[in-house]
Amino acid sequence: MSELNEQQSRAVLHIEGPLLVLAGAGSGKTRVVIHRIAHLLEIGIPPAEILAVTFTNKAAEEMRNRIRNLKNAFILASTFHSLGSRILRESIHHLGYETNFSIYDEDDSEKLLKSIFQDKGLSAEKGPLKEARSFISRSKNDLLTPEQSGSGDLLSSLYQSYQEKLKECHAVDFDDLLFLTVHLLQSHPSVLEMYQNRWRFLLIDEYQDTNFAQYTLAKLLSASHHNIFAVGDPDQSIYSWRGARYQNILNFSSDFPGATIITLDQNYRSTTTILEAANALIEHNENRFKKHLWSSLGEGDKIGLYTAMNEKQEASFVAMQINQIKRRNSIGLNEMAIFYRTNAQSRPFEDALLSQKIPYTIIGGVSFYQRKEIKDLLAYLRLIVSEADLISFLRTINLPKRGLGPSTLDKIVAAAQEHQRPILSFCRSLLEDPNLAPGLKLGPKAKQGLSDYLSILDTLRKQQPYLSLSDLLKETITRTRYLSYLQEDKETEQDKKENIDELLAKAIEWEQEQESPSLTQFLEELSLKTSSREDPEIPTVKMMTLHNSKGLEFPIVFFVGLEEDLLPHINSKDDASAVEEERRLCYVGMTRAKRKLYLTHAVYRYMWGTERYMRPSRFLKEIPAEYTEKKEF
DNA sequence: GAATCGTCTGTTTTT
DNA sequence: CAGACGATTC
């Protein structure tokens, strides 16, 4: 306790009733949260009654570990989405869904939506498809059912069909993990009561980034006991595009009557220079609650500004600086990070670091689990669990080629739909009774292919109870002849094989960690997990998007690509509030730095295959010159 | 039904 | 530039 300042101690000692901690960047928020949980445990609250909701899986994992190390106790720490899936796995039958539902990612749900467009005879162009996707997503995040989302117009009827089809597939999408959970709890008071009794102390991190569904979920779960402990910072709200409403944090005291509000405004992370520069920047936001963070860590170095000719030079500059800092100041690579606005910007940095032999790790990025070979295999695994998972069926049925092309599949799917049967069991019946669907005749090749396919799945399903997860995966790879399928493309074969090995390693590692590993649980975890694994043995420079940097800190930060149209991003240009969000994003990036911050931009940059002239970001001009110094190569 | 070639088209950010 | 998609041919 002696390490805490007065406001921090007040927050830590808070026990019952609603509390909001307005925690500025670097104000010791994590420390408060951990100590507060520890305190609850000390006064005898059972760990099982504590639920901590964080924004990322990584943060959840960290919180679990710290509590375990500190108090040897296991609390439930998860993201809103994992929490939703946990609740649904247990209670979704109240809504008439199967318990073994699949979780569809963006890719899967887009495919499903596309098939709906085709069913309805609409042209499935990207534009309209995307529009419908985001309409549906937005509606769910705002807790609107298809009926509520619009009166019989096209979009809401697409939403309606989409939702029906998901259910037919025994699947839910990401947004459903929140939407259906809230729906379930609202429509079944006894279920709600069960969870309210289970988790009597609720902690919500990054409260400024909750959307309406998440906010409602938090409210529901705490409605009986009001023990909600929310932490957030409106200046770091950067997810409005996902439906987040930072107003939630401003409305906290009216939402939760009798709420205590504690402000943490002393920064323990950054030098005064970095902090004042960030303060100056964020003060350009009109729509903002005034606050001023201060630091007692001393002035420190000036912020390094570097103007590169192009993105290649920008990357070499950073690589060179990294080597120099490492040599001269003996600072490890783990202490350094590169932040950018878009994932595509990582490319030149990868090249530069590679050529300078600097090991790096990309946090986030194109997820391992989104790679085709991984998704293919996971789709097979899903089908072992689910009879109805249409998207996984379509993904795997002709892979390797089994003589079932688009037109045959269209017919099969339509017939299954007509008969209202899960896709796999329909196919099985179809083979037994060729007259099942008149007008659907399978050629000998297709028939053989389908029968091969089904018997692979049947065998795997029969073996499942006797095999460990990793052996089941191995068996899947063998039986489906997946590796020989990969040989068709010699270019990518090696990479993909390595990825598959990694998946196997992951499965082995996972089943060793779990007490009772189940396939369903494994699949669930993988579909919710985005971050790829890193080797803790080797120190590496971390590269990530600004969004991914939230909640982290590094002694040395290279914040790159500060150019108009990139930051603020071109899509935010005509919208004042969107520009303010970009500014908050910039603020988040800057305030991650503890000792030294570099801001770089390039004059020319290759985009869409052509060289573009880039103007320095307006945000650079908003940082007073007294805090910065120009750097040369 | 499968393979190949060309055309288009697009890029935020993520659970 | 790269990946996705469609048209064309076998």
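Quick note on labels: first sequence line is chain A, next is B, and so on, each numbered from 1. From a predicted model like this one, the values you see are computed outputs, not experimental measurements.
- For A:His81, counting side-chain heavy atoms from C-beta on, the closest listed nucleotide (C:dC5, B:dT13, B:dT15) is B:dT15.
- One can place CZ of A:Arg371 at 19 Å from C1' of C:dA4, the figure rounded to the nearest angstrom.
- Nearest nucleotide to the side chain of A:Asn343, out of B:dA3, B:dT14, B:dT15: B:dT14.
- For A:Asn57, no side-chain nitrogen or oxygen approaches OP1 or OP2 of B:dT15 to under 4.0 Å.
- In this structure, A:Phe80 reaches neither bases nor backbone, as no heavy-atom distance under 4.0 Å exists between it and the strands shown.
- Of the residues A:Arg612, A:Arg615, A:Arg618, the one that meets the salt bridge (Lys or Arg N to Asp or Glu O under 4.0 Å) test with A:Glu564 is A:Arg618.
- Side-chain proximity of A:Arg242 to the nucleotides B:dT15, B:dT13, B:dA3 is greatest for B:dT15.
- Closest approach to the A:Trp241 side chain among B:dA2, B:dT14, B:dT15 is made by B:dT14 (side chain taken as heavy atoms from C-beta onward).
- Non-hydrogen atoms lying under 4.0 Å from DNA chain B are contributed by A:His569, A:Asn571, all within residues 565-578 of chain A.
- Rounded to a whole Å, the OH atom of A:Tyr606 is 18 Å from the C1' atom of B:dG10.
- Ring to ring, A:His284 and A:Phe619 are not that close: their centroids are 6.0 angstrom or more apart.
- Checking B:dT13, B:dT15, B:dA2 against every side-chain atom of A:Thr342, the shortest atom distance belongs to B:dT13.
- At whole-Å resolution of the value, CZ in A:Phe339 and P in B:dT13 are 16 Å apart.
- Taking the centre and axis of the six-membered ring of A:Tyr246, the NZ or CZ atom of A:Arg584 falls inside the cone set by 45° and 6.0 Å.
- A:Phe55 and A:Tyr239 have tilted rings, their planes meeting at an angle from 30° to 60° on a 0 to 90° scale.
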Before giving the answer on salt bridge (charged side-chain N to carboxylate O under 4.0 Å, His left out), spell out for A:Asp209 and A:Lys550 the whole-Å C-alpha distance, their side-chain angles and the decisive distance to 0.1 Å. CA-CA 11 Å; A:Asp209 280 323; A:Lys550 192 166 75 158; 2.2 Å; yes
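- Taking only side-chain atoms of A:Thr545, from C-beta outward, the nucleotide of B:dA2, B:dT13, B:dT15 with the closest atom is B:dT13.
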